[in-house]
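To start, the structure under review is shown below, and the notes come after it.
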There are 2 protein chains.
Amino acid sequence: MRIQNYSRKRQAIYDLMLSTSEHPSAEWIYTMLKPDYPDLSLGTVYRNLKLLEENGAIRSVAVIEGSEHYDAIMTPHPHFICRLCGKIYDLPAKFLLPEQANIKRIRGVGKIEITSLIYYGCCEECTKNDTDNV
Amino acid sequence: MRIQNYSRKRQAIYDLMLSTSEHPSAEWIYTMLKPDYPDLSLGTVYRNLKLLEENGAIRSVAVIEGSEHYDAIMTPHPHFICRLCGKIYDLPAKFLLPEQANIKRIRGVGKIEITSLIYYGCCEECTKNDTDNV
DNA sequence: TAACAAATTAATAATTATTATCTTTATTGT
DNA sequence: ACAATAAAGATAATAATTATTAATTTGTTA
């Protein structure tokens with residue numbers, strides 16, 4: 001029997017997730033790994049991302065322009081997502097106030113497993129570019 | 001020239017959005033309105049939801065199981081989403097702490113337009129059902 | 001090491017939500 | 001009512017994701 005041991009490609013996907021701050025989509029990971037793993041299949045990336053998410057190794061941050069984006073940093077922290085360029089920024093955990101970070105249950109509603117705090121707006125990069133084009 | 005006046009069907013879609021606490025998807029709205037508007041087309045629902053969102057009349061809450069869900073209540077408030085049944089609950093605005101509700105900009109990152117606070121977990125309804133099935 | 005069993009993968013087809021197109025219909029201002 | 005414009009229906013096209021299936025890899029055991 002095979003114990004829970006990562007296959008080569010699964011490990012490569014997870015390692016890439018850990019090494020980047022890009023909050024990648026399946027497509028992005030596929031493109032990055034393809035040169036090193038020429039026989040990599042896109043389906044494998046999708047399959048493993050879902051699997052890693054189920055195992056609690058990564059989590060979904062948001063769906064941007066129809067594509068799911070993931071994060072391998074499991075310490076709770078908020079995100080900022082630029083509505084122009086779609087880039088996802090990590091924010092320091094201090095933006096998650098203690099009161100919110102500690103809520104475990106909402107009476108009459110349910111038990112909380114994951115808290116997602118996302119700020120949507122326009123990032124400074126895009127603001128700058130907008131100004132340039134006037 | 002046509003002023004910003006809602007067409008019959010657009011009005012019906014918006015009215016339905018206002019009258020429900022379901023945080024509907026396009027499909028749900030289509031199913032609900034179809035009996036009263038037999039010639040309604042699903043494309044029309046998608047088109048108008050996007051339009052209403054651009055006009056700031058409604059906003060997207062989350063993508064659940066691949067489908068976008070909307071909310072017509074524009075007062076900032078958090079949501080609870082059950083990961084089992086997918087139901088979206090409105091939470092009172094007090095769960096949005098003042099400090100967070102008032103952040104307008106994050107230095108070095110960008111300007112905030114929308115804050116999204118979502119708690120994911122298991123709702124009491126589903127917890128109860130799970131227990132029943134043991 | 002050889003043979004077997006189970007997990008994983010590539011390749012591809014199938015799904016599904018959403019968007020685009022294009023022709024027809026409805027609506028509005030004059 | 002009439003012309004101009006907006007909106008809608010029907011349907012085709014996209015695009016992301018999932019399912020399928022046969023082949024390959026990997027681990028296990030004799």
Side-chain angles (χ1 to χ4, degrees), chain A residues 1-17 22-55 57-71 81 83 86 88, chain B residues 1-17 22-55 57-71 81 83 86 88:
Chain A
M1 199 215 304
R2 165 98 56 103
I3 313 293
Q4 184 57 268
N5 215 349
Y6 284 4
S7 70
R8 271 244 218 77
K9 293 183 179 160
R10 185 172 305 157
Q11 190 66 54
I13 290 168
Y14 183 52
D15 285 347
L16 179 53
M17 283 292 313
E22 277 291 317
H23 306 85
S25 65
E27 191 70 41
W28 188 90
I29 290 178
Y30 175 73
T31 306
M32 293 297 280
L33 292 181
K34 191 66 175 173
D36 285 341
Y37 300 82
D39 64 342
L40 180 66
S41 171
L42 186 53
T44 298
V45 178
Y46 276 107
R47 188 168 0 96
N48 281 298
L49 284 177
K50 199 197 276 190
L51 218 144
L52 288 168
E53 188 184 15
E54 283 166 7
N55 290 0
I58 66 175
R59 53 170 289 192
S60 160
V61 180
V63 175
I64 300 175
E65 309 262 318
S67 298
E68 190 105 43
H69 288 252
Y70 294 91
D71 193 349
I81 301 181
R83 298 207 288 167
I88 303 178
Chain B
M1 199 213 304
R2 166 95 58 100
I3 311 294
Q4 186 56 268
N5 214 350
Y6 285 4
S7 70
R8 270 242 219 78
K9 294 185 177 155
R10 182 172 307 158
Q11 189 67 53
I13 291 169
Y14 183 51
D15 286 348
L16 179 54
M17 284 292 313
E22 279 289 319
H23 306 85
S25 65
E27 192 71 41
W28 187 91
I29 289 179
Y30 175 74
T31 306
M32 293 297 280
L33 292 181
K34 191 66 175 174
D36 285 340
Y37 300 82
D39 64 343
L40 180 66
S41 171
L42 186 53
T44 297
V45 177
Y46 276 107
R47 189 165 356 99
N48 281 298
L49 284 177
K50 198 196 278 188
L51 218 145
L52 288 168
E53 188 185 16
E54 283 166 6
N55 291 359
I58 66 176
R59 53 170 287 190
S60 161
V61 179
V63 175
I64 300 175
E65 311 261 319
S67 297
E68 188 106 45
H69 288 252
Y70 294 91
D71 193 348
I81 300 180
R83 297 206 288 167
I88 303 178

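Here is the naming used below: chain letters follow the sequence lines, and residue numbers restart at 1 for every chain. In this text the structure is predicted, and so the values were computed from the model without any measurement.
At most 12 non-hydrogen atoms from other residues, nucleotides or ligands lie less than 6.0 angstrom from CZ of A/Arg8.
Side-chain N/O atoms of A/Lys9 include one lying less than 4.0 angstrom from OP1 or OP2 on C/dA10. The side chain of A/Arg8 contributes no N or O atom lying less than 4.0 Å from OP1 or OP2 of D/dT25. Between A/Lys50 and D/dT17, a side-chain N or O to OP1/OP2 separation shorter than 4.0 Å is absent. Side-chain N/O atoms of B/Thr44 include one lying less than 4.0 angstrom from OP1 or OP2 on D/dG9. Side-chain N/O atoms of A/Ser7 include none lying less than 4.0 angstrom from OP1 or OP2 on C/dA7.
Distance check: A/His69 NE2 to A/Glu27 CD gives 10.5 Å after rounding to the nearest 0.5 Å. Here the OH-CG distance, from A/Tyr46 to A/Leu51, works out to 16.0 Å after rounding to the nearest 0.5 Å.
For A/Tyr46, the listed nucleotide lying nearest its side chain is D/dT18; candidates were D/dT18, D/dG9, C/dT19.
A straight line from CD of A/Gln11 to P of D/dG27 spans 12 Å, rounded to a whole angstrom. At whole-Å resolution of the value, CG in B/Leu40 and P in D/dA7 are 15 Å apart. Regarding A/Glu68, its CD atom lies at a distance of 13 Å from the P atom of C/dT18, rounded to whole Å. Look at CZ on B/Arg10: it is 20 Å from P on C/dT25, rounded to the nearest Å. What separates OH of A/Tyr6 from C1' of C/dA7 is a distance of 15 Å, to the nearest Å. Note: CG (B/Leu52) to C1' (D/dA7) measures 13 Å, nearest angstrom. Counting to the nearest Å, the C1' atom of C/dT9 and the CZ atom of A/Arg47 are 6 Å from each other. As rounded to whole Å, 16 Å separates atom P of D/dA7 from atom OH of B/Tyr14.
Comparing A/Leu42 and B/Ala26 along DNA chain C, the residue whose closest nucleotide (by nearest heavy atom) sits nearer the 5' end is A/Leu42. Judged by closest nucleotide on DNA chain D, B/Pro38 is the one of B/Pro38 and A/Ser67 placed further toward the 5' end.
Nearest heavy atom pair, residue B/Leu52 against residue B/Tyr6, reads CD2-OH, 3.4 Å.
When heavy atoms are screened at a 4.0 angstrom cut-off, B/Gly43 is found touching no nucleic acid atom at all.
At a threshold of 4.5 Å between non-hydrogen side-chain atoms, the residues A/Lys9 and A/Asp39 count as touching.
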